[in-house]
Structures are given as structure tokens and as C-alpha cells.
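Shown next, in C-alpha cells, is the structure this report addresses.
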Amino acid sequence: MDTETTSLNEMVAELAGISLATAPNVACYIPVGHKSSPTADLFGGDALAADQLPLQEVLDALKPVLEADDIQKIGQNIKYDWKVLARHGIEVAPFDDTMLMSYALHGGLHNHGMDELSERYLGHVPIPIKELIGTGKSQVTFDRVPIERATPYAAEDADVTLRLWLTFRPRLHQVKVTTVYETLERPMVPVLAHMEMAGVKVDRDTLSRMSGAFAQKMAALEAEVQEMAGRPFNLGSPKQLGELLFDEMKLPGGVKGKTGAYGTDVNVLEDLATEHPLPGKVLDWRQVSKLKSTYTDALQNAINAETGRVHTSYSIAGANTGRLASTDPNLQNIPVRTEEGRRIREAFVAPEGKVLVSLDYSQIELRLLAHMADLPELKEAFREGQDIHAITASEMFGVPLDQMTSELRRRAKAINFGIIYGISGFGLARNLRIPKDQAQQFIDRYFVKFPGIKAYMDSVIQGAKQRGYVQTLFGRRIHTPEINAKGPGAAFARRAAINAPIQGTAADIIRRAMIRMDPAIEGLPAKMLLQVHDELLFEVERGAEEELIARARKVMVAAPDPAVKLNVPLVVEAGCGRTWAEAH
DNA sequence: CATCTCACG
DNA sequence: ACGTACGTGAGATGC
């Protein structure tokens with residue numbers, strides 16, 4: 001099955017039609033929302049548009065089929081269709097999703113869009129949507145496509161979906177990723193659909209006030225910078241900035257990239273700030289500019305007119321590691337690291353009588369590293385609830401815990417994160433701003449003090465080279481096609497291969513928690529709204545927050561069970577408040 | 001549409 | 001010798 005609509009955004013999309021396929025090359029299209037097209041004359045008129053079945057009649061007829069326990073429905077990216085139909089009172093079940101089947105089978109190998117899958121696995125190039133709706137300014141919505149042109153396109157989508165299912169279904173078993181698909185992918189569809197449809201309340205007035213303040217601050221900074229520069233220029237143009245700094249002002253250290261433009265990113269400007277006050281002011285301007293354009297302005301536009309809330313969309317098969325990705329808008333990168341940025345979260349609010357509750361896994365990736373690489377000192381430290389970076393520093397630098405300095409701890413923390421990222425001397429050196437050979441000494445020392453690390457990394461890489469993929473603790477496969485390549489591609493692939501099982505296992509764990517969450521909080525006046533990789537955000541009626549925290553924490557802590565027995569504890573921190581800033 | 005920059009975990 | 005920290009999405013510029 002497939003739906004055709006007027007928008008990629010399911011929250012505003014209107015149904016244009018529904019297609020169904022029952023066997024290969026047997027498919028139909030049921031138009032329900034086509035209007036007369038602007039190009040009707042070119043294609044012989046819209047005689048058919050007047051003959052469409054009434055939308056409600058079609059939905060009433062299909063609902064028993066789409067909800068029948070004994071009729072399997074198949075979609076490609078079915079969360080989309082599920083949400084569109086849910087807005088019309090239909091909860092599609094049971095279902096399979098060929099996009100998610102492909103993700104379980106081929107994660108890391110290629111993307112999982114229908115056109116790509118059709119070409120790869122069926123040897124068939126589907127009709128491009130652009131041939132129907134056009135591109136750019138002249139693009140029209142699907143309901144303006146004449147029915148006689150829409151029909152072959154739409155029916156083909158259902159047909160291709162069915163044929164992909166016939167291809168993938170036996171392979172899931174052969175390749176032994178059925179459990180991954182059935183326990184980590186498919187169940188995410190209704191869970192995420194509910195979260196996305198719930199949305200999160202965002203206070204327009206708060207954002208609007210902030211935008212005004214940011215505009216003033218930007219104008220003041222711009223005036224200061226241009227005064228220092230001695231002439232006006234576009235602060236938002238890295239090209240103009242680079243020419244000003246390095247050609248005109250002759251500041252040292254200008255490095256041109258492969259496109260011939262000077263680099264002017266935060267690292268470059270921070271270094272230059274010791275030479276001249278201008279680069280620091282540019283950094284201040286950039287921070288405010290980013291907050292205004294990407295957050296306070298864009299989020300206002302994302303507020304849904306009907307619900308007054310912001311509805312993100314999560315892609316289940318977007319990230320190679322099993323993480324979700326959030327789009328339209330991205331609510332997984334709302335600022336938090338700086339005081340000024342964190343204030344954006346004051347605009348994410350609970351409605352009257354409710355509060356927001358945030359629960360997040362504490363250091364989940366490091367805990368998983370300790371488990372997976374079998375690091376006794378770190379496992380013990382986590383069991384004892386000790387400061388993991390201080391322990392690392394103590395081991396590495398031979399300094400007793402009671403004499404630990406913040407600098408040594410900071411270095412150990414950077415190394416711990418570096419290990420998770422597939423460390424390199426260069427990367428650590430850049431992060432810590434120390435010479436590369438010193439960074440390499442740190443890494444060597446880490447490997448001596450924690451021999452499990454080296455053994456773990458070697459075994460992951462060896463497995464990737466042999467099998468072409470790495471695995472999470474729950475059996476998710478992430479393919480590493482570049483691992484045996486020659487050149488820099490192999491180094492990338494090696495680091496990605498070391499990171500993927502750790503990041504991916506953390507992703508699996510929070511997925512398991514999310515899938516179990518709805519039944520666990522049933523009866524509570526609470527809704528799960530957002531996921532930010534290691535955090536879940538809920539909205540709950542005031543007074544029920546403690547019960548929610550207790551139940552949600554229990555689910556999150558126990559999420560690996562019974563599939564995996566971790567030999568480190570998982571710890572979940574919780575907070576609540578009127579805004580996301582307070583809850584986090 | 002590519003590139004640069006920067007927001008998050 | 002060479003280029004590198006892992007995983008994302010989005011806005012602004014400029015070709």
C-alpha cells in the first residue's frame with residue numbers, strides 16, 4: 001500500500017489517493033483528492049476528477065482491511081502513511097516496512113529510499129516524481145496531477161513495494177536479522193508516529209522576544225566589527241571574512257582549503273583572537289546569528305497552525321549506526337552547551353497544569369565500552385559510582401584520586417571520548433591542543449593501562465575485514481564496505497567501525513526502552529514527546545511526575561534485559577520543570 | 001547545488 | 001607520506 005498526498009510533512013498533508021498492490025504487476029490507484037490541474041488542457045482535461053469516490057466512503061471501505069489482524073499490510077517508509085491515515089482514524093496493523101527491512105539487511109551499504117532499492121534489487125527504475133509535479137518554483141502538489149498520469153506512478157509505487165517485500169522477506173531469515181527487524185525497527189513505527197503527532201509546545205512569544213534581542217545584539221556587534229575592519233563587509237560570508245583577515249589585515253596563519261578559500265571556523269578564529277580583537281567579535285556575532293536564524297526564527301515557523309505545537313519527524317533508517325535522526329525541524333540539536341544557547345530551551349514548555357520530564361542515560365557509551373571491551377577498572381568504577389574520568393586519569397598519569405587535578409581529568413575525559421570515536425593521535429592532539437607526538441604517547445599509555453581496549457579494537461577491525469560488517473550487542477549489523485579499501489577511506493572506515501558497535505548499542509538500548517515505554521506508563525496522564533539519542537522528554541500532568549520518573553527510569557535501566565546481560569549498571573538521571581531548560 | 005559553518009549526542 | 005577524531009541536520013553564501 002502507498003498514499004499520495006499534497007505534502008512531505010504528514011502533519012499537513014492532504015490525501016490525494018491510495019494505491020494498493022496484491023501481487024506483482026497487479027496494482028491499482030484510488031484517487032480521492034485530485035483537483036482540476038493547471039495543465040488540464042495539455043492532457044485532455046480532467047473529466048476523471050469529477051468521478052472520484054468520496055474520501056470518507058473509500059476510508060470506510062478500506063479501514064477494516066487496513067486494520068485486519070489477519071491481513072499483512074506492506075509499505076515503504078510506512079510511518080508516513082501510518083500518520084496520514086491515523087489522522088483519518090485508521091491505525092494500520094499489522095504491517096511490514098520495506099525501508100526498515102532494507103535497513104536491517106543493508107545498514108551502512110546504501111540508502112533505503114524506494115527508487116534506489118527498486119533499481120538495486122528489482123532492476124527497475126520507477127517513474128520519477130519530478131515528471132509529475134515538476135521542480136522548483138513551478139512545482140505543483142500531487143492533487144494537481146491529472147489522475148490519468150498519477151495512476152501509473154502511484155500504482156507502480158505499491159507494486160514496487162510489494163516486490164521489494166517478496167525479495168527481502170526470505171533474506172531477513174537467511175541473514176539472521178529478523179529479530180533486529182522485528183524488535184528494533186518495526187515496533188518503532190507506531191511509537192514514533194505517536195510522539196511526532198503529539199508534538200511539543202513551543203512558546204512563540206518567548207522566541208519572538210529572543211529574536212528581537214538577538215537582532216539588536218547582532219547589529220551592535222556588526223557595527224563594532226566593521227569599525228575595527230575600517231570598512232563594511234558581509235559578516236556572514238566566510239569568503240569575505242577570510243580575505244579581510246588574511247589578505248588585508250595580514251593576520252598570521254591563513255590556511256586555504258582545497259577550494260582555495262581561507263578557513264575561518266571557530267578553531268581558526270579562536271587562535272587569531274590572541275592577535276586581534278576582531279576575530280573574537282566575529283565569533284560572538286556568529287553565535288548570536290546561529291541562535292537567531294536556526295532556532296528563534298526557524299522554530300517560530302515550525303509551529304503548527306492547528307496544534308500550536310512543533311512536530312518533528314524522526315527517520316528510523318537515516319543514521320548508519322541505528323540512531324534516529326530528527327528533521328523538519330531538527331529537535332535533536334537544540335542548544336545546551338552555552339548559557340545563552342540554553343535559553344532557547346526556555347521556549348519549550350509544558351501546557352497549563354503539566355510539566356516536562358527529562359530522563360537521560362548517564363555516560364551510556366562509556367559504560368558500554370567498559371562492558372564490550374571488558375575493562376575491569378572501568379567496570380568496577382561504574383559499579384562503585386565513581387568519577388570515571390578521574391579514575392582514568394589516575395590510572396594513566398599515576399596520580400592518586402585525592403590529588404587529581406582538573407587538567408589531568410580533562411585530558412583523560414578527552415581520551416575516553418576519543419577511544420569511542422576510534423582515536424587518532426591527530427584528532428586527540430587537535431582536541432586537546434597539544435603536540436601530536438604527546439597525544440600519541442597518551443594513547444599508547446592508555447592501551448598499556450587498559451589492554452582490553454586494544455584487543456577489543458583489533459577484534460572489531462578483524463571482524464569487519466572478514467565479514468564486511470560490525471555488530472551491536474543486539475545483533476544490528478552496520479556494514480563497512482570501505483574497510484578493505486586503500487588510502488584514506490580505509491582509515492575513516494576503521495574509526496567508524498570502532499565507533500559503530502558502541503554508538504549503535506546505545507541506540508538499540510534506547511529504542512528498546514521507547515518500545516516498552518507506552519505499556520509501562522499506561523494509565524498515567526503522560527506522553528513521550530522527544531528522543532535526543534540518550535534522553536527522553538515527556539509531558540505529564542502536574543502531580544504525576546514522580547510516578548512517571550519511577551516507571552520510565554525502570555524501563556530505561558532494564559532496557560537491555562533479557563536479551564543482553566550488561567556487567568555494568570545503567571544509570572538514568574531525571575529532572576522536571578515547566579520548561580525543557582528546567583527539566584534537563 | 002556545493003561549501004562552510006555550527007548546533008546536538 | 002597523508003589526512004583523520006564518531007554520528008547527525010540546517011542556514012547562509014556564492015557559483
Side-chain angles (χ1 to χ4, degrees), chain A residues 107-108 135-136 233-242 256-269 282-283 285-299 301-302 312-315 318-338 340-342 344-345 360-366 369 414-432 436 439-440 443 470 478 480 486-504 506-507 510 530-535 584:
Chain A
T135 59
F233 71 102
N234 184 351
L235 267 152
S237 166
K239 185 166 176 280
Q240 292 181 34
L241 177 64
K256 288 185 177 179
K258 44 192 156 194
T259 58
Y262 289 113
T264 69
D265 71 12
V266 63
N267 295 303
V268 173
L269 294 190
V282 173
L283 283 174
W285 181 90
R286 277 195 182 156
Q287 198 201 355
V288 180
S289 168
K290 177 82 174 178
L291 293 177
K292 183 172 187 294
S293 65
T294 308
Y295 299 104
T296 56
D297 289 349
L299 279 173
N301 297 326
T312 186
S313 179
Y314 290 102
S315 69
N320 279 337
T321 55
R323 273 193 179 181
L324 303 177
S326 162
T327 60
D328 303 312
N330 183 355
L331 295 186
Q332 290 182 322
N333 73 344
I334 302 302
V336 72
R337 292 175 185 174
T338 69
E340 196 156 34
R342 195 154 48 234
I344 304 281
R345 296 185 177 223
D360 69 283
Y361 286 108
S362 167
Q363 315 216 59
I364 187 168
E365 291 190 1
L366 268 182
L369 175 73
I415 298 167
N416 275 332
F417 278 110
I419 294 290
I420 291 172
Y421 295 155
I423 201 158
S424 73
F426 182 94
L428 182 65
R430 204 179 62 167
N431 191 285
L432 283 176
K436 199 171 81 177
Q440 192 55 53
I443 295 168
V470 296
I478 298 121
T480 55
K486 306 227 186 295
F492 271 118
R494 220 162 34 238
R495 292 193 296 270
I498 287 168
N499 176 258
I502 302 167
Q503 187 180 122
I510 196 165
L530 299 179
Q531 187 248 46
V532 191
H533 308 307
D534 62 1
E535 172 188 7
H584 188 81

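Numbers restart at 1 for each chain; the letters A, B, ... are given by sequence-line order, proteins then strands.
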Over all strands shown, is A/I334 touching base, sugar-phosphate only, or nothing at heavy-atom distances under 4.0 angstrom? sugar-phosphate
Taking C/dC6, C/dT8, B/dG9 as options, the one with an atom nearest any side-chain atom of A/A496 is C/dC6
Under 3.5 Å, is there a donor-acceptor pair between the side chain of A/N416 and the main chain of A/I419?
no
Original post:
Base, sugar-phosphate, or nothing: which does A/A493 touch, judged by heavy atoms less than 4.0 Å apart?
Top reply: nothing
**OP:** Could you tell me whether a side-chain N or O of A/S293 sits under 3.5 Å from a main-chain N or O of A/S289, the two making a donor and an acceptor?
**Re:** yes
- C/dA5 phosphate, OP1 or OP2, under 4.0 Å from A/R430 side-chain N/O: yes
Whole-Å distance, A/N416 CG to C/dC6 P, equals 18 Å
If you look at every strand shown and take non-hydrogen atoms under 4.0 Å, does A/F492 touch a base, only sugar-phosphate, or nothing? sugar-phosphate
Side-chain donor or acceptor of A/E365 paired with backbone N/O of A/I420 under 3.5 Å | no
Separation of C/dT13 atom P from A/F233 atom CZ, nearest Å, is 13 Å
Sorted by position of nearest nucleotide on DNA chain C, 5' first, the leading residue of A/Q503 and A/S424 is A/S424
Out of B/dT3, C/dG7, C/dA5, minimum distance to the side chain of A/T259 belongs to B/dT3
Sticking with atom P, work out how far C/dT4 lies from B/dT5, rounded to a whole angstrom. 14 Å
When rounded to whole Å, the CG to P distance for the pair A/L428 and C/dA5 reads 13 Å
- [ ] Using a heavy-atom cut-off of under 4.0 Å over every strand shown, decide if A/N431 touches base, sugar-phosphate, or nothing.
- [x] base
- Query: Within the distance-only criterion (no hydrogens, no angle test), does the side chain of A/R495 pair as donor or acceptor with the backbone N or O of A/Y421 below 3.5 angstrom?
  - Reply: no
Practice prompt. Tell me what A/I420 touches on the nucleic acid: a base, only sugar-phosphate, or nothing, going by heavy atoms under 4.0 Å.
Written response: nothing
Every protein N/O within reach of nucleotides 10-12 of chain C N/O, cut-off under 3.5 Å:
residue	atom	partner	partner atom	Å
C/dA10	OP1	A/D328	N	2.9

| request: Look at the side-chain N and O atoms of A/K239 and state whether any lies under 4.0 Å from the OP1 or OP2 oxygen of C/dC15. | output: yes
Margin query: Base, sugar-phosphate or nothing for A/R286? Non-hydrogen atoms, less than 4.0 Å.
Written below: sugar-phosphate
request  = Using a heavy-atom cut-off of under 4.0 Å over every strand shown, decide if A/G263 touches base, sugar-phosphate, or nothing.
outcome  = sugar-phosphate
Side-chain atoms of A/A491 come closest, of C/dG7, C/dA5, C/dG3, to C/dG3
Between CG of A/L530 and P of B/dC8 the distance, given in whole Å, is 16 Å
For A/Q240, which contact category applies under a 4.0 Å heavy-atom criterion: base, sugar-phosphate, or nothing? sugar-phosphate
Taking only side-chain N and O atoms of A/Q287, does any of them lie within less than 4.0 angstrom of OP1 or OP2 on B/dT5? no
Taken to the nearest whole Å, CG/A/L235 to P/B/dC6 is 12 Å
- Row check, A/Y262 ring normal vs A/K256 NZ/CZ: under 6.0 Å, within 45°: yes
Using atom P in both nucleotides, what's the gap between C/dG3 and B/dC6 to the nearest angstrom?
23 Å
note: A/K258, atom NZ; C/dC2, atom C1'; distance rounded to Å ~ 12 Å
query: Can you tell me if the side-chain N/O atoms of A/R495 get under 4.0 Å from OP1 or OP2 in C/dT4?
result: no
Less than 4.0 angstrom between a side-chain N/O of A/R337 and OP1 or OP2 of B/dA7, yes or no? no
In terms of heavy-atom contacts, A/V266 and A/R286 come closest through N-NH1, 4.5 Å
### Query
Checking A/T338 side chain against A/G341 main chain: does a donor-acceptor pair fall under 3.5 Å?
yes
Q. If the P atom of B/dC4 is compared with that of C/dA5, how far apart are they to the nearest Å?
A. 13 Å
Rounded to the nearest 0.5 angstrom, the CG-CD1 distance for A/N320 and A/I478 is 8.0 Å
Note: A/S326 and A/T312 closest approach over all heavy atoms is OG-OG1, 2.7 Å
Handout entry: A/Y314 side-chain N/O to A/Q531 backbone N/O, donor-acceptor pair under 3.5 Å
Key = yes
Donor-acceptor under 3.5 Å (A/R494 side chain, A/G422 main chain):
no
Its dot-bracket string being built from Watson-Crick and G-U pairs below 3.5 Å, with | for another strand and [ ] for crossing, DNA chain C has the pattern .....|||||||||.
A/Q531 atom CD is separated from C/dT8 atom C1', nearest whole Å, by 12 Å
Here the distance between atom C1' of C/dT13 and atom CH2 of A/W285, to the nearest Å, is 11 Å
Which of C/dG14, C/dA5, B/dC6 is nearest the side chain of A/S237? It is C/dG14
Between A/V470 and A/A500, the two heavy atoms sitting closest are CG2-CB, 3.9 Å
